[in-house]
Amino acid sequence: MKIIHNYSLLHHNTFGIDARAACFVEYETPEELVNFLVSGINESRLPLLCIGGGSNLLFTSDYRGTVLHSAIKGYEVVNETSEYVDVCVGSGEKWDDVVAYAVSNKWYGAENLSFIPGEVGASAVQNIGAYGVEVKDLIVSVSAVCVSDGTSRTFTNEECCYAYRESVFKKELKGQYIITDVTYRFSKKAKWNLDYGNIRTELAAMEGSLTLESLREVIRRIRERKLPDPVQIGNAGSFFMNPIIQKTQYDDLCGSYPDMPCYPVCENKVKIPAGWMIDRCGWKGKTIGRVGVHEHQALVLVNRGGATGKEVMDLAALIAASVFDKFGIMIYPEVNYI
Ligand code: EPU
């Protein structure tokens with residue numbers, strides 16, 4: 001187990017914010033984690049924050065507590081039939097390595113979630129999603145350790161209470177459990193999700209037949225065009241969630257904005273792309289000091305170099321206020337403020 005005091009988090013958040021943690025702890029096994037939680041090591045009783053790849057976080061100041069990071073690795077096939085395979089993966093593995101592993105084994109389900117930054121533990125907290133698939137569609141169960149007494153618990157998919165970018169780990173049980181591994185179910189039978197956006201058009205433009213690899217390549221191309229690479233420019237992907245509103249409110253707005261896109265959620269609710277509204281407010285490509293809005297996707301806020309978390313947060317507040325003024329819709333960050 002690694003324990004480091006006064007630790008820079010610069011390489012643990014894709015926004016590239018140089019915040020510091022009073023203490024940083026990295027564990028390689030669930031036992032090490034339990035030992036840390038129940039032994040006297042955390043004597044100072046500092047607050048705890050569990051992070052994954054830091055691709056969905058915004059440090060608004062230094063963290064005066066202990067940042068915990070999982071380095072639990074490994075893949076294990078725990079159940080297999082002629083139809084599917086269940087694989088238990090350590091929470092510290094990179095999510096996209098899981099996708100690559102499934103694709104190389106010709107297992108279906110994860111390919112639309114290619115190239116999403118972050119780690120396995122966070123994938124299950126955040127219910128990451130893209131191109132018509134959410135990770136909840138693959139999760140069988142999630143194992144976690146209780147922060148207060150170090151006991152282990154396995155949550156079924158249902159017990160995780162998944163919804164759009166939501167889970168029990170972000171709500172009722174926030175801060176109470178630390179995920180040690182996640183079991184995903186991949187299908188051995190072809191099961192394509194090709195209806196989102198321009199996937200079909202992109203596929204048609206590519207030579208050759210439809211394979212897991214070619215779909216992964218299409219997703220790479222679509223993402224590269226719209227989403228900045230955090231290695232080159234600090235960002236956390238979509239900064240805001242797409243708001244869900246009443247269909248009646250949407251119908252009213254369509255009077256003024258007939259081209260306003262929406263995705264159906266249920267009979268009387270729709271999801272509106274926040275990026276479209278932010279774009280319509282004129283924010284795309286704008287820069288204020290050291291922060292800005294990405295040129296190709298208005299939903300992504302960027303650190304143009306050396307920004308503080310506070311500067312990003314202030315820009316986000318200005319954007320949310322202007323969206324509310326124009327459309328009467330509140331937008332909320334998908335990124336977690338720390
Ligand atoms: N749009 C604009 N201008 C923009 C951005 C978007 O007009 O600057 C319009 C697009 O033309 C399209 C609509 O808004 O009609 C939706 O845009 P897009 O398909 O790019 O998807 P999104 O709603 O912006 C969501 C997820 C992404 C995910 C994509 C693809 C959220 C908050 N974001 O973005 O997730 O990759 O769909 O499925 O749900 C992430 O969570 O970090 C993330 C990148």
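We use all heavy atoms of the structure for the numbers below, so side chains are in, but hydrogens, waters and symmetry mates are not.
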Could you check whether E334 pairs with R165 (Lys NZ or Arg NE/NH1/NH2 to Asp/Glu carboxylate O, under 4.0 Å)? yes

One pair to check against salt bridge (charged side-chain N to carboxylate O under 4.0 Å, His left out): D62 and R20. What are the steps and the verdict? CA-CA 5 Å; D62 287 342; R20 300 188 85 81; over 6 Å; no

Hey, does the side chain of E93 reach the backbone of G90 with a donor-acceptor pair shorter than 3.5 angstrom? no

Side chains of S91 and S70: is there a donor and an acceptor less than 3.5 Å apart? yes

Is it true that D181 and S143 share a donor-acceptor pair across their side chains at a distance under 3.5 Å? yes

For the residue pair L113 and V99, what are the closest heavy atoms and their distance? O-CG2, 3.8 Å

Assess the side chains of N157 and S141: does a donor N or O sit below 3.5 Å from an acceptor N or O? no

Taking L57's backbone N and O only, do any of them form a donor-acceptor pair with N13's side chain (distance below 3.5 Å, no angle check)? no

For F155 and Y177, what are the C-alpha separation, side-chain angles and deciding distance, and is it a ring-ring contact (aromatic ring centres under 6.0 Å, His included)? CA-CA 11 Å; F155 293 80; Y177 280 89; 5.1 Å; yes

Can you label the angle between the W276 ring and the Y257 ring as parallel, tilted or perpendicular, going by 30° and 60°? perpendicular

Show the numbers, then the answer: is there a ring-ring contact (aromatic ring centres under 6.0 Å, His included) between Y27 and H69? CA-CA 7 Å; Y27 45 90; H69 181 244; 7.8 Å; no

Classify the ring geometry between Y131 and Y196 as parallel (under 30°), tilted (30 to 60°) or perpendicular (over 60°). perpendicular

Interatomic distance, CD@E311 vs CG@L315, rounded to 0.5 Å, equals 10.0 Å

NZ/NE/NH1/NH2 to OD/OE distance under 4.0 Å, K94 and E119: no

If the threshold is 4.0 Å, N to carboxylate O, is there a salt bridge linking R220 and E217? yes

Do E32 side-chain atoms and E28 backbone N/O form a donor-acceptor pair below 3.5 Å? yes

Is the closest basic N to carboxylate O distance between R304 and E295 below 4.0 Å? yes

Sort out for me which residue in K188, K189, K191 forms a salt bridge (charged side-chain N to carboxylate O under 4.0 Å, His left out) with E83. K189

Is a side-chain donor or acceptor of N198 paired with a backbone partner of E202 at a separation under 3.5 angstrom? no

H12/F24 aromatic ring centres below 6.0 Å: yes

The single option from F186, Y184, W192 passing ring pair (Phe, Tyr, Trp, His ring centres under 6.0 Å) against Y108: W192

Check Y101, Y84, Y75 against W107 for a ring pair (Phe, Tyr, Trp, His ring centres under 6.0 Å) and give me the one that passes. Y101

I'd like to know whether R185 forms a salt bridge (charged side-chain N to carboxylate O under 4.0 Å, His left out) with D137, so could you lay out the CA-CA distance, the side-chain angles of the two residues, the decisive distance to 0.1 Å, and finally the verdict. CA-CA 9 Å; R185 177 164 296 177; D137 306 333; over 6 Å; no

